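Order of the sequence lines sets the chain letters (A, B, ...), proteins ahead of strands, with each chain counted from 1. Quantities reported herein were computed from a predicted structural model and do not represent experimental measurements.
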Amino acid sequence: QKEVEQDPGPLSVPEGAIVSLNCTYSNSAFQYFMWYRQYSRKGPELLMYTYSSGNKEDGRFTAQVDKSSKYISLFIRDSQPSDSATYLCAMSAWTGNQFYFGTGTSLTVIP
Amino acid sequence: DSGVTQTPKHLITATGQRVTLRCSPRSGDLSVYWYQQSLDQGLQFLIQYYNGEERAKGNILERFSAQQFPDLHSELNLSSLELGDSALYFCASSKQGSNTGELFFGEGSRLTVL
């Protein structure tokens, strides 16, 4: 079983839709959870960071962590064509330790 | 621009050959990570260095090796290359001790083995 599971998609939504991206994990020691966005032929860039359980909101993006279910989500409101990218979840047990990445979900927002 | 520089951007070589990928981390970052990204495997952690010392090792093949130099730049050496080594290789850096867990990625080196 992989440490982190993520549905690769692809996901295609109309502009303005609410997008939900999800990851599950198996290691209960994970406490740092991140979402990275990767545009085609570019390196991943950090989008959201959450420590332990709870919600975090940043503009149109909301990250949720449910440690009891080992499940994390990223919600994108009012999706824009510029949100079209691959979204990767990542997690680690403590800072400086190895980060485990999901395989990424490819998202296309259609104008 | 993340501040992490990787060279070369593209590399085409033949099976059995050896290549070296280079990474310069962001100014002040002591940790360097190497990742391999292929279509079916996603981002696979290879190895991490912190201030010149190996800190963690992931799924790195014995044919691959890396080091971090005193000026903190890092090199990933891939030898006896096989077709399956074709992938994007990313370097990332972070400020050890930061509690954001943020990795800053370079643009990657795309390796094609023919």
Q.
In the structure I gave you, are the side-chain heavy atoms of B:Leu43 and A:Tyr36 within less than 4.5 Å of one another anywhere?
A. no
Q: Examine A:Phe99 together with B:Tyr35 and report whether their ring centres are nearer than 6.0 Å.
A: no
Q) Linking I/L/V/M/F/W/Y whenever any side-chain heavy atoms sit under 4.5 Å apart, do A:Leu11 and A:Phe61 land together? A) yes
Q) Going by heavy atoms in the side chains, are B:Phe90 and A:Pro44 under 4.5 Å from each other? A) yes
Q: Taking ring pair (Phe, Tyr, Trp, His ring centres under 6.0 Å) as the test, write out the residues that go with A:Tyr87, two or more places apart.
A: none
Q) Do A:Met48 and A:Met91 share a hydrophobic cluster (ILVMFWY, side-chain heavy atoms under 4.5 Å, transitive)? A) yes
(Q) Hydrophobic clusters here meaning ILVMFWY residues chained together by side-chain heavy-atom distances under 4.5 Å, can you tell me if B:Phe105 and B:Leu30 are in one? (A) no
Q.
At a 4.5 Å cut-off on heavy atoms, which part of A:Gln38 comes close to chain B: side chain, backbone, both, or neither?
A. side chain
Q: Determine whether A:Tyr32 and B:Tyr33 fall in the same hydrophobic cluster, where Ile, Leu, Val, Met, Phe, Trp and Tyr are linked whenever their side-chain heavy atoms lie under 4.5 Å apart.
A: yes
Q.
What part of B:Gln6 gets within 4.5 angstrom of chain A, counting heavy atoms only: side chain, backbone, both, or neither?
A. neither
Q) Going from CZ on A:Arg41 to NE2 on B:His10, what distance comes out if it is rounded to the nearest 0.5 angstrom? A) 7.0 Å
